[in-house]
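Predicted model, so just to flag it, every value in this text is computed and none were measured. Protein chains get the first letters and strands the later ones, always in sequence-line order, with residue 1 at the start of each.
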Amino acid sequence: MSAQVQLFGGVVFSPNVPNPENVRRLDHGALPMIAAMHRHGIRLDIPYIQALNVRIVDLQRGYESEARSWLGRYQYRHAKHGYIPFNIGSRDHLAQLFFEELRIQGDGVELKRTPTGKREEVSAEILEPYRDRHPAVGPVIEWHSCEKLRNTYTSVLPGLVDSESRLHTKFNVTVASTGRLSSSNPNLQNIPIRTKLGKEIRGAFVCSPGRVLVSADMAQIEMVWAAHRSQDPVMLSVFRNRQDIHTRTTCEVFGLDYEKCADLTRRYEAKQTNEEESAAYLYFKQFQRLPCKTVGFGVLYGQTAEGLQKSLASEGIHWTLEQCEKFITQDFFAVYGGLRVMLEDDYSFARRYGMVVDYFGRVRLVPEAKSNLKWINNEGTRKAGNHPEQSSAQGGLKLSMAELQPICERMDVWPLLQIHDQLISDCPVGLAQEFADVKTWVMEHSVPLSVPTRASNDIGERWMDL
DNA sequence: CCACGTACACCC
DNA sequence: AAACGGGTGTACGTGG
């Protein structure tokens, strides 16, 4: 049995064993800040988001007329109602148009069916490779991407604000089985960031007059927890030396020198590399670091060779199933042998007991892991493999929230959002730097682990700038 | 008209 | 109860 651990507030407990008292204390400790987040709400710049909405509508008009200009008098053949007008928003219509009428897939190509097998899949991911096969494909993809941003964000959020233009999301504390918070009405944990246009939506979330937004987020927190729980020597060394874990993985796998790679990366990003060095860097980044990063990201989710192949394909790297299989089992886990042992231990614990436990003692039931049907069993072990890291990471942030709330009250800081590894607050301008430093310090020191946990902070007037 | 299942897309 | 863990919300299509 492992030794006892003392937490920030003087609480002592034994890690990794079921401990409902500890979980209750953790969950309840975060409630005052959650309540404050609900009360304050985040301010929305209404004219800004309305202008963005108009821009998106205009873009969509362009995409739709462009698409239709290539489709002649095409109409959808409905099983009951005969020919009806083509609806660019209907997946059924798109499937019939592209794969039955235009046959953009060519001959002898196996198309992927939806899970229920009703029709062919027409997601952006599926359609993407067919951009060159018909001029309507591109505009349709773009139209749908705009449709998502408009329907979910730019046209909806302005209608949900209070008299002071503030949005009060609801943080649900009993929904996620890992103990994470979830956010609804509206969900402010899924505001776009990945695409250029999507990220502009974050520009609509602003500080209050005379104040600024302060954000702090944990670096690679689930990997840090994996390092702590597994005691894998390479992982420990990565975080103790403040290295980038994906770059380190790459160096271990391909036999490169870490400092040279880190230096090359720094100089490339500062535009200080010559042509030859730039080419070397881009090769390193695309063909060596990217696969390592993808595996590193997927491994805690129980990613299979098929999953890796699909992820890499979306990045333009086409590997065979055998290559993916070998990369995970031999290359990656040759570096992180201790991580493999930890995951296998978690799997066998789940198979034996039908449950899994995080660092703080939060239990998740995974009865599927006791099944004799292989694919059901795999479902269970995947959940079991991910739970300790996700749940422990979440628990650590809840401790930070408990510690920070009294500080926020003393400094007149308004907590606004929690996004799993990140806290955003609204802070008086004069206190911003001091508060940002305190916030970061608390997040880094809430839980004593074998490796330092790193948090970084940002100060800005708009969420987009954080 | 409404409730629901489905497919899809956004986040960490 | 598929193939990558955890979430929320939307439009479409169908059936009561």
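An OP1 or OP2 oxygen of C:dT8 is reached within less than 4.0 angstrom by no side-chain nitrogen or oxygen of A:Ser183.
Judged as a side-chain hydrogen bond (donor to acceptor under 3.5 Å, both in side chains), and not counting sequence neighbours, the contacts of A:Thr178 are A:Gln390.
Of the C1' atoms belonging to C:dC4 and B:dG5, the separation is 24 Å, rounded to the nearest Å. Nucleotides C:dA3 and B:dC4 have their P atoms positioned 25 Å apart, rounded to a whole Å. Comparing B:dT6 with C:dA1, their P atoms are spaced 10 Å from each other, to the whole Å.
Nearest heavy atom pair, residue A:Met342 against residue A:Ala226, reads SD-O, 3.9 Å. Contact between A:Leu397 and A:Gln422 at its shortest, heavy atoms only, is CD2-N, 4.0 Å.
In this structure, OG in A:Ser215 is found 5.0 Å from CD1 in A:Ile424, a value given to the nearest 0.5 Å.
Contacts with DNA chain C (heavy atom under 4.0 Å) in residues 377-396 of chain A: A:Arg382, A:Lys383, A:Asn386, A:Gln390, listed by number. For residues 71-98 of chain A, proximity to DNA chain C is found at A:His78, A:Lys80, A:Asn87, A:Gly89, A:Ser90, A:Asp92, A:His93, defined as any non-hydrogen atom under 4.0 angstrom from a strand atom. Within residues 185-207 of chain A, the residues that have a heavy atom under 4.0 Å from DNA chain C are, in order of number, A:Asn185, A:Asn187, A:Asn190. Contacts between residues 296-318 of chain A and DNA chain C, defined by a heavy-atom separation under 4.0 Å, are made by A:Gly298, A:Tyr301, A:Gly302, A:Gln303, A:Thr304, A:Gly307, A:Ser311.
Salt bridge present: A:Glu120 and A:Arg113 bring a charged side-chain N and a carboxylate O closer than 4.0 Å. Remark: A:Arg340 does not engage A:Glu344 in a salt bridge, criterion side-chain N to carboxylate O under 4.0 Å. Salt-bridge check for A:Glu101 with A:Arg77: passed, with a basic side-chain N closer than 4.0 Å to an acidic carboxylate O. A salt bridge between A:Glu142 and A:Arg61 is absent, with no side-chain N of the basic residue lying under 4.0 Å from a carboxylate O of the acidic one. Ionic pairing of A:Glu100 and A:Arg103 is not present here: no N-O contact between side-chain nitrogen and carboxylate oxygen is shorter than 4.0 angstrom.
In this structure, A:Lys118 atom NZ and C:dC12 atom C1' are separated by 12 Å, rounded to whole Å. The interatomic distance linking A:Asp421 (CG) with C:dG7 (P) rounds to 17 Å, in whole Å. Taking atom CZ of A:Arg180 as the reference point, atom C1' of C:dT8 lies 13 Å away to the nearest angstrom. Atom C1' of nucleotide C:dC12 and atom NZ of A:Lys148 are separated by 14 Å, given to the nearest angstrom.
With a 6.0 Å cutoff to the six-membered ring centre and a 45° limit on the axis angle, A:Arg462 counts as a cation-pi contact of A:Tyr48.
Residue A:Ser371 is out of contact with every strand shown, counting any heavy-atom pair closer than 4.0 Å. Heavy atoms of A:Ile419 sit under 4.0 angstrom from primed sugar atoms or phosphate atoms, though from no base atom. In this structure, A:Glu121 reaches the sugar-phosphate backbone alone: every heavy-atom distance under 4.0 Å involves primed, P, OP1 or OP2 atoms, never a base. Using a 4.0 Å heavy-atom criterion, one finds that A:Arg364 contacts the sugar-phosphate atoms exclusively.
A:Lys439 places a side-chain N or O within 3.5 Å of a backbone atom of A:Val214 that can act as its donor or acceptor partner. Here the side chain of A:Arg248 pairs no donor or acceptor atom with the backbone of A:Gln243 at under 3.5 angstrom. Although no hydrogens or angles enter the test, the distance criterion places no donor-acceptor pair under 3.5 Å between the side chain of A:His93 and the main chain of A:Ile88.
At most 12 non-hydrogen atoms from other residues, nucleotides or ligands lie less than 6.0 angstrom from CD of A:Glu125. Counting heavy atoms of neighbouring residues, nucleotides and ligands inside a 6.0 Å radius, atom CD of A:Glu200 exceeds 12 of them. Surrounding OH of A:Tyr83 are at most 12 heavy atoms belonging to other residues, nucleotides or ligands under 6.0 Å away.
Ring pair A:Trp414/A:His40 is parallel by interplanar angle, where below 30° counts as parallel and above 60° as perpendicular.
Ranked by how close their nearest DNA chain C nucleotide is to the 5' end, A:Trp375 and A:His420 are led by A:Trp375.
Scanning DNA chain B 5' to 3' for nucleotides with an atom closer than 4.0 angstrom to a non-hydrogen atom of chain A gives a first and last hit of B:dT6 to B:dC12.
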